[in-house]
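Before any comments, here is the structure.
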Amino acid sequence: MNLGPDRGGEPVWAASDFSATLLAMAGHDLRQPLQVIVGAHDLLARLPHGGAAQAQLARAEGATRQLADKLDQLVEALRLREFADSDQQESVPLGPVLEQLASEFAEPARLKGVKLRVIPASEAVFSHSVLLNGILRNLTRNAIEYTPRGGRALVLCRRHGSQVRLEVRDSGIGIPGAELGKVFRAFHRADTARSEGLGLGLFIVKSAADLLGHRIQVSSVVGRGSCFAVVVEAAPPSIAVTATAA
């Protein structure tokens, strides 16, 4: 563990260790009370309520979902730091990753009124399973969040020679051309009308991709939607079969 300079004979925590400790505390200590809140909300939602109470419950559900998303982003930031220290990649089968993605976001998409489709895949790629999952989770979360009710979000992969292109498409509000170069900055939000969120999702996506050596591509048309793509090296078929069997 790194220590800062010795001041007066007592070691001082390095700034990076202090930040990692705070993130670890957020990931561990905040999840339990959040689960209690979610459980209480689910219990109250089963009871008969009038219109005003139902509206309040809906607001509470939205606030809880925002809190959960922010906590997830903080935890994913911690995972970035852990990977920077380990620098390990492996063959990652995409089938289970996409299956988990579809299961996790089916209900948020339904509640938002967005049709989410995640196309299964049999390919495997050289990556890091936790960070790759974090990249796709952030992109899918954004696709649902910035797509109006009645819209669509699609997750699929395409094989191009030795590479696999993972795409997250949506029919949402789109991103102005002048903003495309800024969306990966920390705390930046292209849609300033939305006050919720930390503005870390795409920053985490880009940082994780840089650590993994993956390329991120984005295209968007205002009013028609966006496409974010992660370009990853494909794992050889023999490795992919072994990883899947395991």
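In what follows, every heavy atom counts, from backbone to side chain, and hydrogens, waters and symmetry copies are set aside.
A donor-acceptor pair under 3.5 Å is formed between the side chain of Ser220 and the backbone N or O of Gly225. For Lys206 (side chain) and Val183 (main-chain N/O), no donor-acceptor pair under 3.5 Å exists by modelled atom type. Side chain of His128 to main chain of Leu131: a donor-acceptor pair is present (N/O by atom type, distance under 3.5 Å, no hydrogens or angles). Panel note: side chain Asn138, backbone Gly134; a donor-acceptor pair is recorded below 3.5 Å. In this structure a side-chain-to-backbone donor-acceptor pair under 3.5 Å is present from Arg159 to Gly161.
Side-chain contact between Thr147 and Ser171: present, with at least one pair of heavy atoms (C-beta onward) separated by less than 4.5 Å. Residues Cys157 and Leu94 meet the side-chain proximity criterion, which asks for heavy atoms closer than 4.5 Å. The side-chain heavy atoms of Arg110 and Lys115, taken from C-beta on, include no pair separated by under 4.5 Å. Side-chain atoms of Leu166 and Phe228, non-hydrogen and from C-beta on, never get closer than 4.5 Å to each other. No side-chain heavy atom of Val205 sits less than 4.5 Å from a side-chain heavy atom of Asn142. Taking 4.5 Å as the limit, some side-chain heavy atom of Val230 sits within range of a side-chain heavy atom of Ile216.
Under a 4.5 Å side-chain heavy-atom criterion applied to ILVMFWY residues, the cluster that includes Ile119 comprises Leu154, Leu156 as well.
When all heavy atoms of Pro120 and Leu98 are compared, the pair lying nearest together is C-CD1, 4.4 Å. Closest heavy-atom contact between Val168 and Ala143: CG1-CB, 3.9 Å. The heavy-atom pair separating Val92 from Ser129 by the smallest distance is CG2-N, 3.7 Å. The minimum heavy-atom distance between Leu212 and Leu132, with the atom names listed, is CD1-N, 4.5 Å. Minimum heavy-atom separation, Ser91 to Ala124: OG-CB, 3.8 Å. Here the shortest heavy-atom pairing between Val232 and Ser127 reads CG1-CB, 4.4 Å.
The salt bridge (Lys or Arg N to Asp or Glu O under 4.0 Å) test applied to Glu104 returns Arg137, not counting sequence neighbours. In terms of the salt bridge (Lys or Arg N to Asp or Glu O under 4.0 Å) criterion, Arg224 has no residue partners (sequence neighbours excluded). Scanning for salt bridge (Lys or Arg N to Asp or Glu O under 4.0 Å) contacts around Arg117 gives an empty result, with sequence neighbours left out. Partners of Arg152 according to the salt bridge (Lys or Arg N to Asp or Glu O under 4.0 Å) rule, which considers only residues two or more places apart in sequence or in another chain, do not exist here.
Summarising the geometry, atom CG belonging to Asp210 is positioned 9.5 Å from atom CZ belonging to Phe184; distances are rounded to the nearest 0.5 Å. In this structure, CG in Leu101 is found 9.5 Å from CG in Leu139, a value given to the nearest 0.5 Å. Here Lys112 contributes atom NZ and Tyr146 contributes atom OH; the two are 9.5 Å apart, rounded to the nearest 0.5 Å. Atom CG of Leu111 is separated from atom CZ of Phe105 by 13.0 Å, given to the nearest 0.5 angstrom.
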Exercise for the section: Starting from the C-alpha separation in whole Å, work towards a yes-or-no answer on side-chain contact (heavy atoms from CB on, under 4.5 Å) for Glu233 and Val125. Expected result: CA-CA 6 Å; Glu233 288 295 321; Val125 296; over 6 Å; no
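Val231 and Ile204 are assigned to two separate hydrophobic clusters, defined by single-linkage of ILVMFWY side chains at heavy-atom distances under 4.5 Å. By the rule that hydrophobic residues join a cluster once side-chain heavy atoms approach within less than 4.5 Å of another member, Leu180 and Leu202 end up as members of one cluster. Hydrophobic clustering keeps Val114 apart from Val155 (ILVMFWY residues linked when any side-chain heavy atoms are closer than 4.5 Å, directly or through intermediates).
Sorted by first then second residue, the salt bridge (Lys or Arg N to Asp or Glu O under 4.0 Å) pairs that include residues 164-173, not counting sequence neighbours, are Arg158-Glu167, Arg165-Glu167, Glu167-Arg169.
A 6.0 Å sphere centred on CD of Glu90 holds more than 12 heavy atoms belonging to other residues, nucleotides or ligands.
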